[in-house]
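Inspection log for the structure reproduced underneath, given as structure tokens.
Heads up: numbering here begins at 1 and tracks the sequence. Only a predicted model underlies this, so the values are computations on that prediction, with no experimental measurement involved.
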Amino acid sequence: MTPPPPAPTPTPGRKRRRTSGKAQTWSVPLLEEWGLTRTQQRLVLVFGSLAGVLVAALALTLAISAIGNDFEPERATASVIGTEPRPDVYRGWPSSKVFAPIAESRADPKPLTVKDLFAKTLKEGRTTLRLAGSPKLETDCVAATWGQGFADLLTQGGCTQVARGLYASADGRYVAQYTMFNLRDTAAADALANTLTTLHRGGWVRPLQTPRVAFPAGGHTEASGHAMGHYAGLVWIGRADGAEPGPRDDFVSLSLTVRATEKAIFRRIVAASPAPAPAQ
């Protein structure tokens, strides 16, 4: 009897390469959206190659995604925080090499302005935030915060400006506040972003509020701190009803959206960077 022919060997399927949507977002076209010319974009790449910028951006995205997932600091007692609002969850991140040209305020002396920082509308993917009321820019950094420990950090760090902007999502579901501190140098910015990991339980930024947009009293909120050269930015987000985030609440996209405020800092990197040497 003739043996049956061998079964055909299955051809392995060709795996498709998946492209990270976040990686595509942080690209040169985004720098164009921020108003940087091609020459300015090249300057950014000189002081932190495109790969470095992408890696840094992706690292920040992954870091932000951890907010609300696996980090739950011990809650402070009522005697410590009183009735002052503060986030239930906080994470801090030091400055990266991308911000080396603005490591010191003397290399970037131009003051911050509300117009530079706070756009009327911020959009990231499906998330749209609209500015609520008027942003505040002050030279008294301590007055914009509460808590002696926080005040000491700002004084020691040589804070000269603090800017706050309050946003609400288009559907009214979320509230987000961005606060930017103009400090002496990277060491001061790193100290603020890192120390708040525990200090936020007894000191935080005072919230802005309008008749229709405000962080609900006693509601659940989350925050992150980001040192960028001699600047420190604080992201503070929450649901408008004060509830903890559920499966339908994308706090990652919400954080990334309000962080569009930081595009003003990238422009300052360009302004503080020396022109590249002409090609030979």
Side-chain angles (χ1 to χ4, degrees), residues 64 67-68 75-76 78 80-90 112-124 127-151 153-154 159 161-182 192 196 199-226 231-246 249-251 253-262 264:
I64 293 172
I67 297 178
R75 288 174 181 257
V80 174
I81 65 173
T83 58
E84 296 286 0
R86 34 78 79 179
D88 296 270
V89 177
Y90 174 87
L112 294 170
T113 68
V114 166
K115 184 177 180 180
D116 287 342
L117 290 171
F118 302 112
K120 291 184 178 180
T121 302
L122 303 175
K123 187 172 179 61
E124 168 70 25
T127 305
T128 299
L129 296 175
R130 296 195 175 101
L131 195 61
S134 299
K136 282 190 94 170
L137 178 63
E138 304 164 273
T139 55
D140 187 348
C141 300
V142 173
T145 66
W146 63 271
Q148 187 59 49
F150 203 157
L153 272 176
L154 294 172
C159 187
Q161 289 183 294
V162 55
R164 290 174 289 166
L166 181 66
Y167 288 87
S169 61
D171 58 7
R173 185 178 178 86
Y174 305 105
V175 180
Q177 178 171 302
Y178 192 97
T179 303
M180 182 77 77
F181 293 98
N182 189 345
L192 190 149
L196 282 174
L199 184 63
H200 77 279
R201 303 170 190 172
W204 190 244
V205 179
R206 295 191 185 279
L208 296 176
Q209 56 185 358
T210 69
R212 287 189 288 181
V213 179
F215 286 101
H220 177 92
T221 59
E222 303 184 4
S224 60
H226 309 271
Y231 297 101
L234 300 183
V235 174
W236 190 11
I237 58 178
R239 284 179 42 158
D241 60 6
E244 295 191 15
D249 297 308
D250 186 358
F251 271 25
S253 292
L254 183 60
S255 297
L256 287 173
T257 303
V258 74
R259 289 192 65 193
T261 300
E262 296 166 4

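- Shown here for Ile237 and Ala176, the closest heavy-atom pair between the two residues is CG2-CB, 3.8 Å.
- Under the side-chain hydrogen bond (donor to acceptor under 3.5 Å, both in side chains) criterion, Thr113 pairs with Asp116, not counting sequence neighbours.
- In plain terms, the two heavy atoms of Arg173 and Asp171 that are nearest each other are N-OD1, 3.0 Å.
- The shortest heavy-atom contact between Leu234 and Leu192 is CD2-CD2, 4.2 Å.
- Tyr178 and Glu262 are linked by a side-chain donor-acceptor pair at a separation below 3.5 angstrom, with hydrogens and angles left out of the test.
- Taking the side-chain hydrogen bond (donor to acceptor under 3.5 Å, both in side chains) definition, one finds that Gln209 meets it with nothing, sequence neighbours left out.
- Gln161 contributes a side-chain N or O that, together with a main-chain N or O of Leu112, makes up a donor-acceptor pair within less than 3.5 Å.
- Contact detail for Thr127 and Ser253: the closest heavy-atom pair is OG1-CB, 3.6 Å.
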For a quick test of your reading: what N or O donor-acceptor pairs under 3.5 Å do the side chains of residues 130-142 make, sequence neighbours left out?
unit_1	atom_1	unit_2	atom_2	d
Glu138	OE1	Arg164	NH2	2.6
Asp140	OD1	Val142	N	3.4
Asp140	OD1	Ala143	N	3.3

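- Qualifying salt bridge (charged side-chain N to carboxylate O under 4.0 Å, His left out) partners for Asp250, counting only residues two or more places apart in sequence or in other chains: none.
- A perpendicular orientation is assigned to the rings of Trp204 and Tyr90, their planes being inclined by more than 60° (bins at 30° and 60°).
- Note on residues 205-218: pairs passing salt bridge (Lys or Arg N to Asp or Glu O under 4.0 Å), not counting sequence neighbours, are Glu84-Arg206.
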Full working for side-chain contact (heavy atoms from CB on, under 4.5 Å) between Leu129 and Leu254: CA-CA 8 Å; Leu129 296 175; Leu254 183 60; 3.7 Å; yes
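- From Ser224, atom OG reaches atom CG of Leu196 across 11.0 Å, with rounding to the nearest 0.5 Å.
- Residues meeting the side-chain hydrogen bond (donor to acceptor under 3.5 Å, both in side chains) test with Tyr167, sequence neighbours left out: none.
- Between the side chain of Asp88 and the main chain of Thr221, a donor-acceptor pair closer than 3.5 Å is present.
- In this structure, the side-chain hydrogen bond (donor to acceptor under 3.5 Å, both in side chains) partners of Thr128, at least two apart in sequence or on a different chain, are Lys123.
- Atoms OG1 and CZ, from Thr145 and Arg86 in turn, are 15.0 Å apart once rounded to the nearest 0.5 Å.
- Checking side-chain atoms of Asp249 against main-chain N and O of Phe251 turns up no donor-acceptor pair under 3.5 Å.
- In this view, Tyr174 satisfies the ring pair (Phe, Tyr, Trp, His ring centres under 6.0 Å) rule with no residue, not counting sequence neighbours.
- Minimum heavy-atom separation, Pro245 to His220: CD-CD2, 3.5 Å.
- With rounding to the nearest 0.5 Å, the separation of CE in Met180 from NE2 in His226 is 10.0 Å.
- The heavy-atom pair separating Ala144 from Val162 by the smallest distance is CB-CG1, 3.8 Å.
- Remark: Phe215 engages Trp236 in a ring pair (Phe, Tyr, Trp, His ring centres under 6.0 Å) (not counting sequence neighbours).
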